[in-house]
There are 2 protein chains.
Amino acid sequence: MNGAATRQASRLIPTSQEDKFLSLFSSAHGTTQKLSASATIVSQGDKVTSVYRVVSGHVRCCAYTEDGHRRVVCFRGAGAIIGMGQPTHGTWNTSVEAVTACVVQSVARTLIDDRMPEDPEILNGVVRSLQSEIDQQEAHLLMMAVLPASERVFSFLEEFSRQRGSKGYVALPMCRRDIGEYLGLSMETVSRSFSALRDSQRIETLGAEKFRLLDPASQAPRLPDCHAA
Amino acid sequence: MNGAATRQASRLIPTSQEDKFLSLFSSAHGTTQKLSASATIVSQGDKVTSVYRVVSGHVRCCAYTEDGHRRVVCFRGAGAIIGMGQPTHGTWNTSVEAVTACVVQSVARTLIDDRMPEDPEILNGVVRSLQSEIDQQEAHLLMMAVLPASERVFSFLEEFSRQRGSKGYVALPMCRRDIGEYLGLSMETVSRSFSALRDSQRIETLGAEKFRLLDPASQAPRLPDCHAA
DNA sequence: CGTACTGTTGAGTACTGTCAACCGACGTGG
DNA sequence: CCACGTCGGTTGACAGTACTCAACAGTACG
């Protein structure tokens, strides 16, 4: 059986070297914009006209419910492609917002759609981008359904650390509320989970924004009885 | 703003008339198999060699964790394409199992990958299938994060009803445990939610397996305070 | 220096999971 | 034909988790 841990390892489909798909964004067809923190890149309900690529900074994809509540569907950092999953002639089902100051490139969706059939390399980039999105969403879904609060937070920190590739302290660009809305937890529970993880020596913190994972040896997740073997 | 309800309505990307993509499955290149209930079609960890299409019956895609627990990632009925989201040269990250007796067609993944660049219609089918999967997963994710138990169950029944298109009683092919694993709830809570929905006149039941939605006028979801406007 | 915002922590409540008993349908075997 | 065991579903009692409300600390900013 191939467990969730194994999936984690194989999850990242290589973003690949500078291929034609990515170079579309920096070509003459693409535009580059600088955004300040909390700027809105696209609003939920907007017509799908562009596909975006994050060059630097972090963005969040948010879904707003009718009653005005927000849910963070995903955070995306440098290198991420955003918008291929949206239907070509439809509307955005999420808003995309800058968490930190960002540099974001975009190209017309129609350009990609036009080039895709005639250029296998671009096609490949599109399909990889879609598959990667499915895989990440699925992992997110499983986590939400199975893990208790502290484990969700820990799992989030692991993932974030891993993306950053740093062994030292990592700075979280997003606030507790954002994390809560991503993990399906209240801000307070996220904060309590940080404290609990710190107290149980699973992470070290430096202020509220910086953290470091501790001793992988002791990092077997502490599951409640229901999830124990 | 485009609320979740609106998304629901526009979610289903038309599965399209008999196009070349779908006809691949029934062509000489495809194979058809009949499966009895609870048969396994693919196992998590298997190499990705085929893509499947459900002709009749219902299947579930399950993820097994290292500790042996199962989570249902999705249920899929007639017409569903399964496996395009899996990486071409990777392994299945879920098992696919027959919930009821099923007829399932399959074609080699490599065939689709080969034909995709040269045939825009097939390409279109693939991309639509991927986008549809992303959209459904996202809706699932939002539901799991926001809704309390009874609302999740109700939302599941609505979705299932809608797929069946029937106004009368609908038979659920899957058991309470399956539903629980899909919604991130225990079997008991699912059962209690059915009872609560019946008591509050939101559904009618006929035995344990058949249900009918009642009076759409009164079907504004009853959210707890935290989610009220 | 006051205000606003983020984060932390405490107290009480509500929800959901676990454990357990029970019911009814079904199939098997005596 | 009936006794029995199994399985899925339901319901109750209880416990644990996470949410809400609320107070408070630290920081940034005007």
Side-chain angles (χ1 to χ4, degrees), chain A residues 36-38 67 69-72 99-100 143-154 156-157 171-200 203 205-211 221-228, chain B residues 37-38 60 67 69-72 99-100 143-154 156-157 171-200 203 205-211 221-228:
Chain A
S36 49
S38 81
D67 51 16
H69 284 265
R70 195 183 69 172
R71 286 248 43 239
V72 175
V99 174
T100 60
M143 179 187 71
M144 300 268 297
V146 171
L147 300 180
S150 310
E151 295 307 325
R152 288 190 216 177
V153 172
F154 187 76
F156 170 73
L157 295 178
L172 285 170
M174 69 291 283
C175 68
R176 298 287 188 266
R177 177 174 302 277
D178 285 346
I179 298 175
E181 285 171 2
Y182 176 70
L183 298 176
L185 300 170
S186 69
M187 187 189 64
E188 292 94 332
T189 299
V190 173
S191 181
R192 274 187 255 270
S193 297
F194 268 93
S195 303
L197 291 171
R198 179 166 25 78
D199 293 348
S200 56
I203 62 172
T205 56
L206 210 59
E209 289 162 10
K210 291 184 182 172
F211 74 95
R222 315 286 160 74
L223 297 174
D225 297 344
C226 56
H227 298 116
Chain B
S38 82
R60 58 174 179 247
D67 51 16
H69 284 267
R70 196 183 69 172
R71 287 250 40 241
V72 175
V99 174
T100 60
M143 180 187 70
M144 301 267 297
V146 170
L147 300 181
S150 310
E151 296 307 326
R152 287 190 217 177
V153 172
F154 186 76
F156 171 73
L157 295 180
L172 286 171
M174 68 293 282
C175 67
R176 299 287 187 266
R177 178 174 302 277
D178 285 345
I179 298 175
E181 284 172 3
Y182 176 68
L183 297 177
L185 300 171
S186 69
M187 186 188 63
E188 292 92 335
T189 298
V190 173
S191 180
R192 273 186 258 269
S193 298
F194 269 93
S195 304
L197 291 171
R198 180 166 24 79
D199 293 347
S200 57
I203 62 171
T205 56
L206 210 58
E209 289 162 10
K210 291 183 181 173
F211 73 95
R222 317 285 161 73
L223 297 174
D225 297 345
C226 57
H227 298 116

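Lettering follows sequence order; numbering is per chain, from 1. Remember, it's a predicted structure, so these values are computed and weren't measured experimentally.
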Problem - Listed nucleotide nearest any side-chain atom of A:Ser186, set C:dT16, D:dC19, C:dT18 - result: D:dC19

Problem - A:Ser191 side-chain N/O to A:Met187 backbone N/O, donor-acceptor pair under 3.5 Å - result: no

Problem - Rounded distance (Å) that lies between atom P of C:dT8 and atom CG of A:Leu197 - result: 12 Å

Practice task
Give a yes or no on whether A:Arg177 atom CZ has more than 12 heavy-atom contacts from other residues, nucleotides or ligands under 6.0 Å away.
Solution key: no

Exercise for the section: Would you classify A:Gly184 as touching base, sugar-phosphate or nothing, given that sugar-phosphate means primed atoms plus P, OP1 and OP2, and contacts are heavy atoms under 4.0 Å? Expected result: sugar-phosphate

Exercise for the section: Measure from the side-chain N and O atoms of B:Arg60 to the backbone N and O of B:Tyr182, and report whether any donor-acceptor pair falls under 3.5 Å. Expected result: no

Handout entry: For atom CZ of A:Arg198 and atom P of C:dT9, their distance in whole Å
Key = 6 Å

Problem - Listed nucleotide nearest any side-chain atom of A:Ser191, set D:dG9, C:dA11, C:dG7 - result: C:dG7

Practice task
Can you check whether any acceptor in the base of C:dG17 is under 3.5 Å from a donor in the side chain of B:Arg192, or vice versa?
Solution key: no

Practice task
Report the residue (A:Ser150 or A:Glu188) whose heavy-atom-nearest nucleotide on DNA chain D is the more 5′ of the two.
Solution key: A:Ser150

Practice task
Could you please name the option among D:dC21, D:dT10, C:dG17 that lies closest to any side-chain atom of B:Thr189?
Solution key: C:dG17

Problem - B:Phe194 CZ - D:dT10 P separation (whole Å) - result: 7 Å

Handout entry: Nearest-nucleotide pick for A:Arg176, side chain only, options being C:dT18, C:dT16, C:dG7
Key = C:dG7

Practice task
Salt-bridge test for A:Asp199 and A:Arg192: reply yes if a basic N is under 4.0 Å from a carboxylate O, no otherwise.
Solution key: no

Fill in the blank from the handout: When rounded to whole Å, the CG to C1' distance for the pair B:Leu147 and D:dC19 reads 16 Å

Handout entry: Integer-rounded Å distance: C:dC5 P and A:Glu209 CD
Key = 17 Å

Exercise for the section: Using atom NE2 of A:His69 as one end and atom C1' of D:dC19 as the other, report the distance to the nearest whole Å. Expected result: 13 Å

Handout entry: Steps toward side-chain contact (heavy atoms from CB on, under 4.5 Å) verdict (A:Val72, A:Ile179)
Key = CA-CA 8 Å; A:Val72 175; A:Ile179 298 175; over 6 Å; no

Practice task
Kindly say whether, by distance alone, the side chain of A:Arg177 makes a donor-acceptor pair under 3.5 Å with the base of C:dT8?
Solution key: no

Exercise for the section: Could you tell me whether B:Gly180 contacts a base, only the sugar-phosphate backbone, or nothing, with contacts defined as non-hydrogen atoms closer than 4.0 Å? Expected result: nothing

Completion exercise
Rounded to whole Å, CG of A:Leu183 lies from C1' of D:dT17 at a distance of 16 Å

Practice task
State which of C:dT8, D:dT11, D:dC19 makes the closest approach to the side chain of A:Leu185.
Solution key: D:dC19

Handout entry: Between D:dA18 (P) and B:Met144 (CE): distance, integer Å
Key = 14 Å

